[in-house]
A.B. asks: 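Structure below; questions to follow.
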Amino acid sequence: MSPPSTSATKNGYDVIVVGSGAAGGQSAYTLCMEGAKVLMLEAGRNYVPEQETPMFQTPDQAPLRGVSTPEKDFGFYDATIDGGWTVPGEPYVQSTEDPHGRFAWWRARMLGGRTNHWGRVSLRNGEYDFKPHRRDGLGFDWPISYEDVAPYYDKVERLIGVYGTSEGLENTPNSPEGCLLPPPAPLVSDYLVQQRAGRLGIPIVAGHRAVLTRQLDFKRSPALLHPGNLKAQKIIAEHMRQRAACFWATDCGRGCSIRANYQSTTVHLPPALATGNLDIVTNAMVSEVLLGRNGLAKGVSYIDKISGRQHVVTARVIVLAASACETVRILLNSKSAQFPDGLANSSGKVGRYLMDTVGSSVSGQVPLLESLPPLNEDGASGEAFYGPWWLYQDQQKGKLDFARGYHIEFGGGRRMPNFGTLRSLESLTGGSYGKKLKDDARRYYGSFVGFDGRGEMIPNENSYCEIDPKVKDRWGIPVLRFHWQWSEHETRQAAHMQKTFAGVIEAMGGKVLGAVKTDGAEAIAPGGFIIHEVGGARMGESRQTSVTNQWCQTWDVKNLFLNDGAVFVSNADKNPTLTIMALAWRASDHIVRLMRRKEL
Amino acid sequence: MTDRRTTIKWMLAAAAAIPLLDRAAAGEVTASLPAPNGYGSDPNLTKVYRPGDVWPLTLTAAQRRTATALCNVILPADDRSPNAESVGVVDFIDEWVSAPYPRQLADRPIVLEGLAWTDAEALLRFEKYFADLDTPQQHAICDDICYEPKAEAKFARAAQFFARYRSLTVGGFYSTPTGHKDLGYIGNVPSSRFDGPPLALLRKLGLGPSS
């Protein structure tokens, strides 16, 4: 990939895209393939996965055996650069000291953003997920339905490469033939979970992750992705050929130098650059969108983090794809006589209805998995299986004390031992040391299985962000202040996860490690911890109650689009990234349509 | 009244605490994040690091001697792998207690005090430093502190140290290629295919695609 330019930019851009992750990458890809001239602004530094990814490094080659520190929250080898829960010089503020009222904001200041390290879980929202209010009277409905987004799910799956199967389960959409890659072989622990959870009535099926279990279909897919656009077909065919299939080793969270999983930097940006239509400026910290006298967005103002100088760039269309909260922050900091409360905020909804995912974990030790023979269980470095939400019928009959559901992610196996792999040994061995401890380690390694629930949060009035009146970041840009509150729907769901996972572990003949948390408020991971923050500028049917229309186009400023998770109306249990990409593609198609009709 | 046992303990604990106090006085220990001498938020991820590369190691020769003996008691050589010392566990523990991050700063006094206690206890019981004891003597001390739930009240603090020290030793040992091999981890190699576990094994466990 040619290095992004950091010098002065050209004039005459059609679109400025702020952000380079899932939303920014997809937007730039779609727009450039359709011939638009795009300038992408990324707040972090350039990042070259082919050169910078620690692929085969073992923990002993890292400081502190690679354990997490406040400078590398997910461990030394995690792909995140200049990011995590804290970013030096870029604070955010909490509205309360109460731990239940706080929100932790994960950022990654690097080209490709959080896509470089994410878990690659790629699930489609189902038909219920777009119309949740219609089903249970809670939250809000989207202005679109599954059918509107389905063609874009198809396209994104074909483009980035997602493995999985179509099982025909309720609210868990099938993908058309040819969209999904075959799932990887399960591990011993996967089969055991499937068998024992199955006895409890919990279906366990193939997981969906953005990892190439074989090379993409570079012969058929280009024409399906870009019908009638021969240049785009040629470019994407070439890039599909260049991406290697998974070689069944190394942790996806480190990124992938052979481009076998999805990162914006290895999948979206290289073909977008190959069109010749994309310029990228890194270290460009956008502070505001500038409003012209005609009521249209005329450009953005950014600070070059290297020189500290402020720059203004202009274009016909502005796309914010900076991550839900950063997009909100830019809008709220873009004040004018016309929009004293922030750009495109005539509804007063910018910053409102922030959501994360409900998360709770239980792990167990399973005697059946002890002392297995040496097996290579690196696999695809993530879920071969998962458990989609299975209690729709019970919920409809009123048998559950919470609304909405969760899916189950789990993992076990003989993965690369790291500093924490044998951390639970003491309670199992009665404090052994010496040769006995070595025997115990051999016996218990590979016998641990961890379960994570990933559930839906219903948007509420008490979870939102706003600009703090005092605090500014090192660039002088006012920062966000967060307000957070779970409702009983979420905390009860977390308690349900705990009970369910403990039940599955027992059904496996295993023992839960630690206490099962019956109090949902204690069981639930703090706001922001699952790093699925969405909402803050939701789309809707009317300019009074929402910030954008169904095309991610702000009601107030017609050439301003919010192509990231900010527009989410609900946050289904399905991990948001695939939907972010599908919506960004759909919005970008709309931008192209409007530009061609000279409406933008 | 101060007996001999208490005097030795105070002496050793004070000695162990000196480097910590010095660092605190220099403003290093209590520094707020980001730590001035950490690896920062954008370290080179592909280079090979050794303990001492990023921040200086701080254990004294005497502390390292005790640390070495203790981690080798916890993980001695056997027919499948060498002892903890030989895969760099002492250097790792030195790196850990010298690190500028909160979790490691919290462990530092526990480890330093614990190493001092271990020598004090060895001197009391056998009039030798822990590293100079024979194996049964070392085990006599370790047996009293190796499991917190069962340790006598007077050994509670020492048992807390031992648990922490053991987890550092175990974590430091099994995260190396030697430790990987000992456990039978055979991954981290590229392969053109991944077939999952052999059917015979699945059948033996009563599992499989059809179950």
Side-chain angles (χ1 to χ4, degrees), chain A residues 45 52-54 56-66 69-71 76-77 81-84 86-88 184-188 191-192 195 247-250 368 372-379 414-423 425-426 430-431 433-435 437-438 441-442 445, chain B residues 33-35 38-43 45-46 48-49 53-54 73-76 78 80-81 88 92 95-96 99 101-102 104 139 142 146-148 150 163 166-167 170-172 174-177 179-180 182-197 201-202 205 207-208 211:
Chain A
R45 73 159 170 86
E52 300 190 52
T53 310
F56 293 99
Q57 275 79 351
T58 48
D60 58 308
Q61 295 173 332
L64 300 172
R65 294 297 198 259
T69 68
E71 290 178 329
F76 189 76
Y77 286 133
I81 285 170
D82 291 330
T86 55
V87 174
L187 314 181
V188 177
Y191 283 118
L192 185 62
Q195 183 189 68
F247 57 29
W248 312 108
T250 78
L368 259 172
L372 292 186
L375 294 166
N376 184 335
E377 294 203 300
D378 283 357
R414 302 172 68 86
R415 298 190 192 273
M416 186 197 282
N418 59 33
F419 178 80
T421 298
L422 293 168
R423 66 186 173 279
L425 222 48
E426 183 173 324
Y433 68 90
K435 289 186 179 173
L437 176 55
K438 278 189 153 179
R442 289 161 196 150
Y445 164 62
Chain B
L33 293 168
Y39 46 63
S41 56
D42 186 10
L45 300 185
T46 56
V48 174
Y49 294 82
D53 280 0
V54 187
V73 171
I74 290 170
L75 291 176
D78 69 358
R80 267 170 69 172
S81 61
F92 161 66
E95 177 192 41
W96 186 279
Y101 303 110
Q104 287 72 27
H139 282 200
C142 291
C146 69
Y147 192 42
E148 282 182 87
K150 290 198 175 151
R166 176 174 43 210
S167 80
V170 165
Y174 290 107
S175 52
T176 64
H180 292 170
D182 179 324
L183 293 175
Y185 170 72
I186 54 171
N188 206 32
V189 286
S191 167
S192 61
R193 52 190 295 166
F194 177 70
D195 296 328
L201 175 67
L202 288 174
L205 296 166
L207 300 170
S211 66

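Values below: every heavy atom of this structure, side chains too, minus hydrogens, waters and symmetry copies. Residue numbers begin at 1 in each chain, while the letters A, B, ... track the order of the sequences.
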A.B. asks: What part of Ser167(B) gets closer than 4.5 Å to chain A, counting heavy atoms only: side chain, backbone, both or neither?
C.D. replies: backbone

A.B. asks: Heavy-atom pairs under 4.5 Å with chain B - which of Ala62(A), Gly420(A), Gly379(A), Pro417(A) has more of them than the others?
C.D. replies: Pro417(A)

A.B. asks: Are Arg193(B) and Phe247(A) packed together at the side-chain level, in the sense that at least one heavy-atom pair is separated by less than 4.5 angstrom?
C.D. replies: no

A.B. asks: When heavy-atom pairs shorter than 4.5 Å are enumerated against chain A, which of Pro43(B), Gly88(B), Gly171(B) gives the highest number?
C.D. replies: Gly171(B)

A.B. asks: Before you tell me yes or no, could you show the steps for Glu377(A) and Tyr185(B) under side chain to side chain donor-acceptor pair (under 3.5 Å), namely the whole-Å CA-CA distance, both residues' side-chain angles and the distance that decides it to 0.1 Å?
C.D. replies: CA-CA 9 Å; Glu377(A) 294 203 300; Tyr185(B) 170 72; over 6 Å; no

A.B. asks: With the side chain counted from C-beta on, respond yes when Val189(B) and Phe56(A) share a heavy-atom pair under 4.5 Å apart, and no when they do not.
C.D. replies: no

A.B. asks: Could you check whether Lys435(A) pairs with Asp78(B) (Lys NZ or Arg NE/NH1/NH2 to Asp/Glu carboxylate O, under 4.0 Å)?
C.D. replies: no

A.B. asks: Report the option among Gln57(A), Met416(A), Arg414(A) that has the most heavy-atom pairs separated by less than 4.5 Å from atoms of chain B.
C.D. replies: Met416(A)

A.B. asks: Please look at Glu148(B) and chain A and tell me whether the side chain, the backbone, both or neither of the residue comes under 4.5 angstrom of a heavy atom of that chain.
C.D. replies: both

A.B. asks: Rounded to the nearest 0.5 Å, how far apart are CD of Glu52(A) and CG of Leu45(B)?
C.D. replies: 7.5 Å

A.B. asks: With Arg415(A), which residues qualify under salt bridge (charged side-chain N to carboxylate O under 4.0 Å, His left out), at least two apart?
C.D. replies: none

A.B. asks: Of the listed residues (Asp182(B), Asp53(B), Asp195(B), Leu205(B)), which shares the most heavy-atom pairs with chain A below a 4.5 Å separation?
C.D. replies: Asp182(B)

A.B. asks: Who are the ring pair (Phe, Tyr, Trp, His ring centres under 6.0 Å) partners of Tyr49(B), not counting sequence neighbours?
C.D. replies: Phe76(A)

A.B. asks: Pick one of side chain, backbone, both or neither for Tyr445(A), based on which atoms fall under 4.5 Å of a heavy atom in chain B.
C.D. replies: side chain

A.B. asks: Measure distances from Pro186(A) to the heavy atoms of chain B and classify the residue's part below 4.5 Å as side chain, backbone, both or neither.
C.D. replies: backbone

A.B. asks: Side chain, backbone, both or neither: which part of Val48(B) has an atom under 4.5 Å from a heavy atom of chain A?
C.D. replies: both

A.B. asks: Report the C-alpha distance between Thr421(A) and Val170(B) in whole Å, list the side-chain angles of each, state the deciding distance to 0.1 Å, and finish with yes or no for side-chain contact (heavy atoms from CB on, under 4.5 Å).
C.D. replies: CA-CA 9 Å; Thr421(A) 298; Val170(B) 165; over 6 Å; no

A.B. asks: Can you give me the closest heavy-atom contact between Tyr147(B) and Gly431(A), atom names plus distance?
C.D. replies: CD1-N, 3.5 Å

A.B. asks: Which answer fits Ile186(B), side chain, backbone, both or neither, if we ask what part of it has an atom under 4.5 Å from a heavy atom of chain A?
C.D. replies: both

A.B. asks: Distance check, rounded to the nearest 0.5 Å: Ser191(B) atom OG versus Trp248(A) atom CH2?
C.D. replies: 9.0 Å

A.B. asks: Compare all side-chain heavy atoms of Trp96(B) with those of Arg65(A) and state whether any distance is below 4.5 angstrom.
C.D. replies: no

A.B. asks: Could you please spell out the steps behind the side chain to side chain donor-acceptor pair (under 3.5 Å) verdict for Ser41(B) and Asp82(A)?
C.D. replies: CA-CA 5 Å; Ser41(B) 56; Asp82(A) 291 330; 2.7 Å; yes

A.B. asks: Between Leu64(A), Leu372(A), Thr58(A), Val87(A), who has the most heavy-atom pairs with chain B when the cutoff is under 4.5 Å?
C.D. replies: Leu64(A)

A.B. asks: What distance separates Arg442(A) CZ from Ser81(B) OG, expressed to the nearest 0.5 Å?
C.D. replies: 5.0 Å

A.B. asks: Quick check for you: among Gly430(A), Pro374(A), Ala249(A), Pro54(A), which has the greatest number of heavy-atom pairs under 4.5 Å with chain B?
C.D. replies: Gly430(A)

A.B. asks: Measuring from atom CG of Leu422(A) to atom CG of Leu183(B), what distance do you get when rounded to the nearest 0.5 angstrom?
C.D. replies: 6.0 Å

A.B. asks: Can you tell me which portion of Thr53(A) sits under 4.5 Å from chain B's heavy atoms? Options are side chain, backbone, both or neither.
C.D. replies: backbone

A.B. asks: Counting distance only, does the side-chain N/O of Glu71(A) pair as donor-acceptor with the main-chain N or O of Tyr39(B) below 3.5 Å?
C.D. replies: yes

A.B. asks: Between Gly196(B), Ser192(B), Pro177(B), which has the largest tally of heavy atom pairs under 4.5 Å with chain A?
C.D. replies: Pro177(B)

A.B. asks: Quick check on Arg423(A) against chain B: is it the side chain, the backbone, both or neither that has a heavy atom closer than 4.5 Å?
C.D. replies: neither

A.B. asks: Let me confirm one number: the CZ-CG distance from Phe92(B) to Asp60(A), rounded to the nearest 0.5 Å.
C.D. replies: 10.5 Å

A.B. asks: Asn188(B), Thr176(B), Ile74(B): which one forms the most heavy-atom pairs within less than 4.5 Å of chain A?
C.D. replies: Asn188(B)

A.B. asks: Any heavy-atom pair between the side chains of Gln61(A) and Ser175(B) that's under 4.5 Å?
C.D. replies: no

A.B. asks: Tell me whether the NZ or CZ atom of Arg166(B) lies within the 45° cone about the ring axis of Tyr433(A) and under 6.0 Å from its centre.
C.D. replies: no

A.B. asks: Heavy atoms, side chains only, cut-off 4.5 Å: are Leu368(A) and Leu207(B) in contact?
C.D. replies: no

